[in-house]
Asker: 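Would you mind keeping the following structure in view while I ask a few things?
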Number of protein chains: 2
Amino acid sequence: MIKKQYSTEQRIVDAARSVFVERGFAAARMKEIAGKAGLNQALLHYYFKNKDLLFERVFQDAVRTFFPLIISILESDKGIEEKMTDLVHTYVDFLKANPHVPGFLIHEVTQNPNRLTKFLRTEALPVPVKLIRQYQDGVAAGKYIPIDPIQLIVSVIAMCVFPFVARPMIQTVFGLDNGAFESFIENRKDQITHFIINGMYR
Amino acid sequence: MIKKQYSTEQRIVDAARSVFVERGFAAARMKEIAGKAGLNQALLHYYFKNKDLLFERVFQDAVRTFFPLIISILESDKGIEEKMTDLVHTYVDFLKANPHVPGFLIHEVTQNPNRLTKFLRTEALPVPVKLIRQYQDGVAAGKYIPIDPIQLIVSVIAMCVFPFVARPMIQTVFGLDNGAFESFIENRKDQITHFIINGMYR
DNA sequence: GTCTATATAACGATAGAC
DNA sequence: GTCTATCGTTATATAGAC
């Protein structure tokens, strides 16, 4: 089942990601990670001295894939409306491929905000200044209504991310099976775009 | 510090809620709960046989305060736009008073969806049929654009809840101190209302 | 009901052979 | 590097006195 073409370290990190993301730090078991990586606990500790260090690795990898994707789209050369459309489609597709990552990050940062602070001291994460200026120019020109651009960004992200973070709750409450949820998500892309772009005017 | 005017059981439940909500089931410690309730671990187990049963109590209490509030507003006799305004204001105020409850519920339902399913078998949680019909009538009359009402509901909830669930992440990324975050939330009420109501037209 | 003391199990981590 | 065996600690949970 486990391909030896991957290095032991790589297999450990992959297994650790799957377990940490699925269960969270507190409920994750080193034993399960070792099992998924196809080795014993002793070897796991040989590669990563302790649980915290292994978690750190997984956490930082997740931050590095989660944030830059948003920023790069927000800071492209396109117009705001196109950026928003791009962001929604690209991000929802990313979330479909990594449905549990945002919930994982949110939970772990909430439990220990220092993890993110620490990360940001090493690798600065740029605020999307370009988009913010762009929007403010649009406001000055009387094109958009004067709202805080951060509200705009938080709203898009919220509408994209929330269904994935709260998926079991949404499916249970509204009685959606997996198929229904997936088409809900597919419809949602246009839905969000509409809400956001419409919300900038009038 | 601990008032004896509350029954021992009540003190236990209060302490348990605070610890479970703050740390989640897996990271919560019976010892900390006992300490906060002002008693020892043995007595804690005398009142609640085990950790799971105590958690069940806290979880169900949270569900009972979290969902009905939304439903009651959505099923009132008012018009849709007024309902949305009501919902946003009431709900954000509720969230300000109970900022960690939604994150708690989301995380625990994700970890074990059965907890919610089990609850709903006992106490049925009504889907807001009234609002859904109301919106569909508006669509038939050509007043609103034809979108899935569930998309509408998920969007409002998402925009209200997300900032609280992801608070440490948002504050860290955008560099907001507590004061800035609180005024962000206060502004957000009108913001969300605007996005939602605008989104129903055109 | 409430306590102290303790059983029991699980978990993270290490020692030491190969 | 990889393994088996085991240590030390901490968690939940119980026994039994008061």
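Reminder, nothing fancy here: chain letters follow the sequence lines and each chain counts from 1.
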Asker: Which listed nucleotide (C:dG1, C:dA13, C:dT4) is nearest to the side chain of B:Ala42?
Answerer: C:dT4
Asker: Find the distance B:Leu43:CG to D:dA15:P and express it as a whole number of Å.
Answerer: 16 Å
Asker: Rounded to whole angstrom units, what separation is found between the CD1 atom of A:Ile12 and the C1' atom of D:dC3?
Answerer: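 Value for this atom pair: 14 Å.
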Asker: Is A:His45 close enough to C:dA13 that one of its side-chain N or O atoms is under 4.0 Å from OP1 or OP2 there?
Answerer: yes
Asker: Please table the atom pairs, donor to acceptor, closer than 3.5 Å between any side-chain atom in residues 93-102 of chain A and protein atoms at least two apart or in another chain.
Answerer:
unit_1, atom_1, unit_2, atom_2, d
A:Asp93, OD1, A:Lys189, NZ, 2.7
A:Lys96, NZ, A:Glu186, OE1, 2.7
A:Asn98, ND2, A:Phe94, O, 3.1

Asker: Kindly list each side-chain donor-acceptor pair under 3.5 angstrom involving residues 156-166 of chain A, sequence neighbours excluded, with atom names and distances?
Answerer:
none

Asker: Using a 3.5 Å cut-off and no angle test, enumerate the donor-acceptor pairs between side-chain atoms of residues 24-31 of chain B and protein atoms at least two apart in sequence or in another chain.
Answerer:
unit_1, atom_1, unit_2, atom_2, d
B:Arg29, NH1, B:Ala26, O, 3.3

Asker: If the condition is ring pair (Phe, Tyr, Trp, His ring centres under 6.0 Å), which residues does A:Tyr135 pass it with, not counting sequence neighbours?
Answerer: A:Tyr144
Asker: Taking only N and O in the side chain of A:Asn40, is any of them less than 4.0 Å away from OP1 or OP2 of D:dC3?
Answerer: yes
Asker: Could you state the atom-to-atom distance from CD of B:Gln41 to C1' of C:dT2 in whole Å?
Answerer: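 Computing the B:Gln41:CD to C:dT2:C1' distance gives 14 Å.
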Asker: Under the side-chain contact (heavy atoms from CB on, under 4.5 Å) rule, collect the residues that match up with B:Ser18, sequence neighbours excluded.
Answerer: B:Lys36
Asker: Which residues, if any, of residues 24-31 of chain A bring a heavy atom under 4.0 Å of DNA chain D?
Answerer: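 The stretch gives none, as no residue of it lies under 4.0 Å from the strand.
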Asker: Can you list everything that forms a ring pair (Phe, Tyr, Trp, His ring centres under 6.0 Å) with B:Phe104? Sequence neighbours excluded, please.
Answerer: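 Listed in chain order: B:Phe55.
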Asker: CG of B:Asp77: more than 12 outside heavy atoms within 6.0 angstrom?
Answerer: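 Counting other residues, nucleotides and ligands, CG of B:Asp77 stays at 12 neighbours or fewer.
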Asker: Should we say atom CG of B:Asp177 is surrounded by more than 12 heavy atoms from elsewhere, each under 6.0 Å from it?
Answerer: yes
Asker: Check the distance between C:dG1's P and B:Leu44's CG and give it to me in whole angstrom.
Answerer: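 Those two atoms, CG and P, are 14 Å apart.
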Asker: Let me have the donor-acceptor pairs involving side chains of residues 178-185 of chain A, under 3.5 Å, with sequence neighbours excluded, atom names and distances please.
Answerer:
unit_1, atom_1, unit_2, atom_2, d
A:Asn178, OD1, A:Arg167, NH2, 3.1
A:Asn178, OD1, A:Gln171, NE2, 3.3
A:Ser183, OG, A:Ala180, O, 3.2

Asker: May I have the distance from B:Tyr46 (atom OH) to D:dA15 (atom P), rounded to whole angstrom?
Answerer: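 B:Tyr46 atom OH is separated from D:dA15 atom P by 15 Å.
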Asker: Counting only non-hydrogen atoms, which of residues 47-56 of chain A are less than 4.0 Å from DNA chain C?
Answerer: A:Lys49, A:Asn50, A:Lys51
Asker: At under 4.0 Å, does any side-chain N or O of A:Thr8 touch on OP1 or OP2 of D:dG1?
Answerer: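 Negative; the distance criterion is not met.
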